[in-house]
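Before I ask anything, let me first share the structure, which is written out below as structure tokens.
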Protein chains: 2
Amino acid sequence: MPAKKRGTTSSSKSADFSQVDVARLAGVSQAAVSRAFTPGGSLSDDTRAKVMAAVKQLGYRPNVIARSLVQNSTNIIGLVVKRFTNPFYAQMIQEFTRVLQEQGYWTLVFNIAEKQEIEEALPMALQYRVDGLIITSATLSSKLADECARSGTPVVSFNRYATDGHSHMVYCDNFEGGRMVADALIDAGHTRIAYIAGEESSSTNRDRETGFVRRLEERGHALALRESAGEYDYEMGYAAAERLLLSGTPRPDAIFCANDLIAMGALDLARCKLGIKIPAELSIIGFDDIPAAGWPSYELTTVRQPFGILVDTTIQVLMDAIHDPESEVIKKVVTPTLIWRGSSRRKE
Amino acid sequence: MPAKKRGTTSSSKSADFSQVDVARLAGVSQAAVSRAFTPGGSLSDDTRAKVMAAVKQLGYRPNVIARSLVQNSTNIIGLVVKRFTNPFYAQMIQEFTRVLQEQGYWTLVFNIAEKQEIEEALPMALQYRVDGLIITSATLSSKLADECARSGTPVVSFNRYATDGHSHMVYCDNFEGGRMVADALIDAGHTRIAYIAGEESSSTNRDRETGFVRRLEERGHALALRESAGEYDYEMGYAAAERLLLSGTPRPDAIFCANDLIAMGALDLARCKLGIKIPAELSIIGFDDIPAAGWPSYELTTVRQPFGILVDTTIQVLMDAIHDPESEVIKKVVTPTLIWRGSSRRKE
DNA sequence: CGTGATATTGTATACGTATTCAACAAAAAC
DNA sequence: GTTTTTGTTGAATACGTATACAATATCACG
């Protein structure tokens, strides 16, 4: 049992040892103990050994919070995510935490449901003095962006535009992805082409749709039908497809869906509930290339977001910004790839 | 531009204001500013107003790190997860961060790949002085558990046993879940029953399998075949099912898979590659009830882990432990439910 | 007006670390 | 042998906050 207790309230945590305790036991100064834990700290092998012996004997562990206070750097990155049922984002968190850890950073997750909740979560992240922020599925208000800039906290917007003048950006070329799908469907001979939107207010949806529709028009086609899922999830995609396919108008022969989950919902509805042959009677194309898109039950043609590259790039940009706070706004665009699978007809 | 700069190195962050700055501007003491941010702090309306005016003018934001240092409490919970491709765990993180936020806590994620990495990650969590720890998909070595206990950091093991004498536990009754599946398959008239294991070393796999096999034996049946996926993911399940179904021995008429992802892999292999009719020729049952299990393309019969309850219970246990550090080890077992769907035959 | 209770405020200190500065010792250079 | 360089060390201070304690000011009540 530790020889010393601190704190008076019963709810306080048990005693931890400080560098002072270690120093006393080792017969050196507190500064020496600190230097023993500082890479490149000036310390003789002799005292270092004495310190380490005392450290081991006490089971001392440095207090990162105290270090963060004096060094004004926490080694923590704030990751703001919108509530995700989408495997794409689950995979993202997975990947972000992993790569950040490799670089010696830890991830504090802020989970926001409503768009407006970011107004509360982000100030909290700043209060924790995170070294940097990654924002997915949300856009910073200019007021928030200013606060980040003022506190010197670099921000990278992931898969979103940011026009605030401070945030860096890394995103997939959604516009180009939409164009690819338009070309693919026209080339395959489709004539009644539909689109199912995801979350209407998201820039990803806007860009995918705009690229898609523009390219259709460039090649003399028009969008035959449009429906909105409202969210990027399976159930909403299923329901939207139902509205689309039972609307009474002539059935489309191809649907481009704003993401894979929506596409899988649409595919299941068409195939399982309406008995439509995929792709003979209806082509369906998604966006993201989540793992399930490649499963034999779906064989979903889709636009692959190279998320390994996206994540790595995002973290690289963030690291650069942390080490050079004065740098200009960086903007990296990653090009997606069309992955041909069995849910869409090929060129004849 | 802030009137004052701190730090000397070029890489230091921009100036933030401290309570001292606010106090000077408001013409009060630093303590008064602190009290203005302390709920129930003794302060007159007059000075409070002066403080708040200065706060607003400067754009002051409290430094949670400094507060954590003096209060010896960070309001951060460490969440240790094993690298997850499994949607079940993605959903968990989602849910944990959400509920913890509702309770005023933030989540620091530690992502470990290899079992042994926890030996590095966990001390780090302790260095950050987290108020509590939730451990999923891993077991604490007794050495680590001791360190947590010594530092007074409560630990809840999620869906794992912990015999270290300190960790609390919340888990689903996997043993009972296995029994349910055995009963369901026997009642439906199956005679050649197989099992595909997940990660062999996990207690979840062991319990599901043991419950399953024991119950089979109790009712006079034996396990006809056994194969191991090795991991809890789709690809491994697909491959394991291939080995199982092409092994040359008479084909099983039912397979219980250690989780849904494995089951979906097995189902896709059987149906799409081998052309086996599900459930007429082969019943498949999974475990977890992930969202995709209910999709019309799979209609997977499965054992539902009530993960909302699991998460809520875990956090409740953790909160209790934080507020009463001297409490005995708590162990909560949640009972799963069998969800009947189309991938398995019903009783005749 | 006096007295005690109460509310408000400031001073001083603590939390655990990193780091500057000066002191000193040892070694190297001459 | 002296001077210069280099390497080690401790004392002192700073980081930004919370809080115990003492010192007031305010008020109620007689």
Side-chain angles (χ1 to χ4, degrees), chain A residues 4-9 11-24 26-51 55 58 60-75 126-129 151-152, chain B residues 2 4-9 11-24 26-51 55 58 60-75 126-129 151:
Chain A
K4 188 174 88 176
K5 288 243 181 198
R6 291 211 196 76
T8 53
T9 67
S11 72
S12 77
K13 299 177 69 170
S14 305
D16 282 306
F17 293 103
S18 73
Q19 293 185 343
V20 175
D21 301 310
V22 176
R24 192 173 310 148
V28 299
S29 73
Q30 173 266 325
V33 180
S34 173
R35 281 190 265 260
F37 284 91
T38 306
S42 165
L43 208 60
S44 71
D45 293 348
D46 183 42
T47 38
R48 188 180 304 271
K50 282 194 291 186
V51 168
V55 163
L58 293 179
Y60 164 79
R61 204 192 308 283
N63 185 326
V64 182
I65 296 296
R67 176 190 299 165
S68 298
L69 179 60
V70 52
Q71 292 193 329
N72 200 23
S73 159
T74 52
N75 275 357
L126 294 180
Q127 289 186 27
Y128 272 100
R129 300 299 196 263
S151 71
Chain B
K4 187 172 88 176
K5 287 244 183 201
R6 292 212 193 76
T8 52
T9 67
S11 72
S12 78
K13 299 177 70 171
S14 306
D16 281 307
F17 293 103
S18 72
Q19 293 186 345
V20 176
D21 303 308
V22 176
R24 193 174 308 148
V28 298
S29 74
Q30 173 265 326
V33 180
S34 173
R35 281 190 266 259
F37 283 91
T38 306
S42 164
L43 210 59
S44 71
D45 294 347
D46 184 42
T47 38
R48 188 180 303 270
K50 283 194 290 188
V51 168
V55 162
L58 293 180
Y60 163 80
R61 204 191 309 281
N63 185 325
V64 182
I65 297 296
R67 175 189 299 165
S68 298
L69 180 60
V70 52
Q71 292 192 328
N72 199 25
S73 159
T74 51
N75 275 356
L126 293 180
Q127 288 187 28
Y128 272 101
R129 300 299 196 263
S151 71

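Everything numeric here is computed off the predicted structure, so don't read it as measured data. Side-chain atoms are counted along with the backbone in the values below, which use heavy atoms only and exclude waters and symmetry mates. Naming: A, B, ... by sequence-line order, numbering from 1 per chain.
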Residue A:Ala31, side-chain atoms from C-beta onward, closest of C:dT17, D:dA11, C:dT8: D:dA11

- prompt: With sequence neighbours excluded, what pairs up with A:Ser44 under the side chain to side chain contact (heavy atoms under 4.5 Å, CB included) test?
  reply: A:Asp46, A:Thr47

A:Asn75 CG to C:dT17 P, straight-line distance once rounded to whole Å: 16 Å

message: If we ignore hydrogens and angles and just use 3.5 Å, is the side chain of B:Thr74 paired with the main-chain N or O of B:Ser68 as donor and acceptor?
response: no

- prompt: Do you know which two heavy atoms are closest between A:Gln30 and A:Gln19, and how far apart they sit?
  reply: NE2-OE1, 2.8 Å

query: For B:Gln127 and C:dG16, what is the distance between atoms CD and C1' respectively, to the nearest whole Å?
result: 13 Å

message: At 4.0 Å (heavy atoms only), tell me whether A:Ala32 reaches a base, stays on the sugar-phosphate, or touches nothing.
response: sugar-phosphate

task: Could you check B:Asp46 against B:Ala66 and say which one's nearest nucleotide on DNA chain C is further toward the 5' end?
output: B:Asp46

query: Closest heavy-atom contact between A:Leu43 and A:Ala32?
result: CD2-O, 3.5 Å

query: With B:Arg67, which residues qualify under salt bridge (charged side-chain N to carboxylate O under 4.0 Å, His left out), at least two apart?
result: none

- prompt: Reckon B:Thr47 touches a base, only the sugar-phosphate, or nothing at all at heavy-atom distances under 4.0 Å?
  reply: sugar-phosphate

- prompt: What integer distance in Å separates A:Leu43:CG from D:dT9:C1'?
  reply: 9 Å

- request: Quick one: label B:Ile65 by what it contacts on the DNA or RNA (base, sugar-phosphate, nothing), any heavy atom closer than 4.0 Å.
  value: nothing

Note, B:Phe17 side chain near B:Asn63 side chain (heavy atom, < 4.5 Å): no

- line: Only residue of B:Val64, B:Val70, B:Leu69 satisfying side-chain contact (heavy atoms from CB on, under 4.5 Å) with A:Ile65 is B:Leu69

field: Donor-acceptor pair present, B:Arg35 side chain and C:dG10 base, under 3.5 Å
entry: yes

query: Roughly, in whole Å, what's the span from NZ in B:Lys50 to P in C:dT8?
result: 14 Å

task: Consider the side chain of B:Ser18, meaning its heavy atoms from C-beta on, and name the nucleotide among D:dT17, C:dT17, C:dT19 that approaches it most closely.
output: D:dT17

- prompt: Taking for each residue the nucleotide of DNA chain D with the nearest heavy atom, is it B:Val33 or A:Val28 whose nucleotide lies nearer the 5' end?
  reply: A:Val28

- prompt: Does OP1 or OP2 of D:dT17 have a side-chain N or O of B:Tyr60 closer than 4.0 Å?
  reply: yes

message: Is the phosphate of D:dT9 approached by A:Ser44 (side-chain N or O, under 4.0 Å from OP1 or OP2)?
response: yes

message: In this structure, how many angstroms lie between the C1' atom of C:dG16 and the CG atom of A:Asn63, rounded?
response: 6 Å

- request: Report the end-to-end axis angle of the helix from C:dC1-D:dG30 to C:dC30-D:dG1; each axis comes from five terminal pairs, and the value is rounded to 10°.
  value: 40°

task: Would you indicate whether the side-chain heavy atoms of B:Arg61 and B:Asp16 approach each other to under 4.5 Å?
output: no

- prompt: Which sits closer to the 5' end of DNA chain C, A:Thr38 or A:Leu69, going by the nucleotide each is nearest to?
  reply: A:Leu69

query: Does any donor-acceptor pair link the side chain of A:Gln30 with the base of C:dA18 at a separation under 3.5 Å?
result: yes

message: In this structure, how many angstroms lie between the P atom of D:dA18 and the CG atom of B:Asn72, rounded?
response: 14 Å

query: Quick one: A:Arg67 CZ to D:dT17 P, roughly how many Å, whole number?
result: 21 Å

message: Counting only side-chain heavy atoms from C-beta out, which of D:dT17, C:dT11, D:dC15 sits nearest to A:Val70?
response: D:dC15

query: Could you give the CZ-to-P distance, from B:Arg129 to C:dT17, as a whole number of Å?
result: 7 Å

